[in-house]
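For clarity, every value in this text was computed on a predicted model and none was experimentally measured.
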Amino acid sequence: MLTKLFSNRFIFSSLAIALLLGASSCKKDFLDTNRQGGYDADNYPYPGGSGPYDQYIFGAYNELRSFNVHSQSFITATSIRSDDADKGSTPADGGANAIDMDNFPVLPSNGFANTLWVGYYGLINKCNVTIKEVNTNPNIEATTQIKNQTIAEAKFMRAYGYFMLVRLFGNVPKIDTVFANTTSQNNVPQSTAAEIYGFIESDLNFAAANLPLSWDAKFVGRATRGAANGLLAKVYLTQGKWGMAMTTAAAVMSSGQYDLSTTYDKIFREEGENSKESVFEVQATASASITTSNGVQYAQIQGIRGSGVWDLGWGWNSPSTYLEAAYEANDPRKNRTILYTSTATTTYQTIYGENIPVGLPNPRYNNKVYTNPSLRSSIGNRFGYWMNLRVLRYSDVVLMFAEAANEVGGTDNITAARAALNSVRARARNGNAAILPDVTTTDQAELREAIRKERRVELAMEHERFFDIVRWGIAQTVLNASGKPNFSNSRDVLLPIPQTQIDLSAGVLKQNPGY
């Protein structure tokens, strides 16, 4: 279980704190958003305040925060490989592992690729352990409903792990059991991408059928039916299963759990965490005494690289000039996404009114991970370990519905697609009628292009762009035109299978084409 602890709001037992990812924080009551969860021992429906499978399912949630799953390698493979961002930092930082991800090709020896493989299979293993305990542990008693709910949480996270793996590597081993030793697990041959997608769909359908629509107000961050359906819609969309993607996204939209009421400038602040915009987030926490072990290094990797009070991180994942040029005139999402370094003649300010100094290593940083300076001061830490990672936002679901409905076609569906697209634009303009006018075209091809452009700017720096341009079949055209001439559709849409893993399998694993 992933949790936030807000002063004077939630009280956790010491056992829950230990299990719930070290859930303590010095976030204050000004973070008064609509929460999707959180719990205390008094309200948990088990004697002593602990659920029968907590230690297992919490271990799976904890893997979502690991360095191998959602940190340096994740950012590099999903964002820096795209035209959203450059590597940033200093030219040599990260060595060949990072530079090759940015410029292509990525070699089978690349350490970042291996980190991702290890990380996502580590998550999958924790999910498999949970499922095994629910199904076979004779010492734990629980109702069928609780068993199915726990399995559903595990299957949701397992599906997410496999969805990342299949998009990153293509054919990968399907491991759905707990092996007695690592040698046996290493020798599992690859399944085809189609087989992996079928497995993901099965897991997510089970999750959607057995997860609650919403949790009690004290259960922060646990997977819901909306999260399962939202991820399933993206799985269908990736495969071009337009009708199924449309229907599944519509189920999220009609659930009544989410909306676009959170203004764009607040979504990525600390007070925007777990808002009505949130379908699924990786929860993080930090305090003066709780730092990386109970937080996420996601924000630190991308924070401003400077000195003194401006040493906020490593400076990776710098928004590119190509992203900068993608915004329509006066789109407020641009400055909420791109944080500009001041120049000798121009001073830029952040959302908190801080003047960003001249002379930082990069001209642009990711503003979506910029932290509240008062919180930095109260925690006594500058590196943003407490920042949640938004895995799936409601606007992403709405734009998935728009894309799928437009591809299904027909007057009614195209009308519905346009309405969905315009709802996202309306939230972005925030009442300013002079910008971001409604899209009015009824032409399917023109609307397709408008939806694609909207995904680019609405979800910029949120790890969707590379996967989007690959599934649209335009990756080589886009990346070659954006300063990545070495990218090849015949090779670079997938990462190489890590040579380390091929060696561990004694050649059972086969390399991807072109490497």
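Under the rule for a side-chain contact (heavy atoms from CB on, under 4.5 Å), the partners of A223 that lie at least two apart in sequence or sit in another chain are Y61, F156, L211, F280.
Without hydrogens or angle criteria, Q476 side chain to N489 main chain gives a donor-acceptor distance under 3.5 Å.
Partner of E328 under the side-chain hydrogen bond (donor to acceptor under 3.5 Å, both in side chains) criterion, out of K334, R425, R333: R425 alone.
Ring geometry for F74 versus H463: interplanar angle of 30 to 60°, hence tilted. Aromatic ring pairs are classed by plane angle as parallel below 30°, tilted from 30° to 60° and perpendicular above 60°; the pair W314 and F67 is tilted. Ring-plane geometry between H70 and Y160 is classed as tilted, the angle between the planes lying from 30 to 60 degrees on a 0 to 90 degree scale. Relative ring orientation between Y264 and F268 is described as perpendicular, the plane-to-plane angle rising above 60° on a 0-90° scale split at 30° and 60°.
Applying the side chain to side chain donor-acceptor pair (under 3.5 Å) rule to pairs touching residues 96-105 yields D102-K484, sequence neighbours excluded. Residue pairs meeting the salt bridge (Lys or Arg N to Asp or Glu O under 4.0 Å) criterion with at least one partner in residues 351-372, sequence neighbours excluded, are E354-R376, K368-E462.
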Take R448 and D443 through the test salt bridge (Lys or Arg N to Asp or Glu O under 4.0 Å) and record every step on the way to the result. CA-CA 9 Å; R448 177 185 298 120; D443 180 82; over 6 Å; no
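Summarising the geometry of A420 relative to F401, their closest heavy-atom pair is CB-CD2, 3.8 Å, with the distance given to 0.1 Å.
A salt bridge between R429 and D438 is present, with a side-chain N of the basic residue lying under 4.0 Å from a carboxylate O of the acidic one.
The closest side-chain donor-acceptor pair between Q72 and W316, if any, does not fall under 3.5 angstrom.
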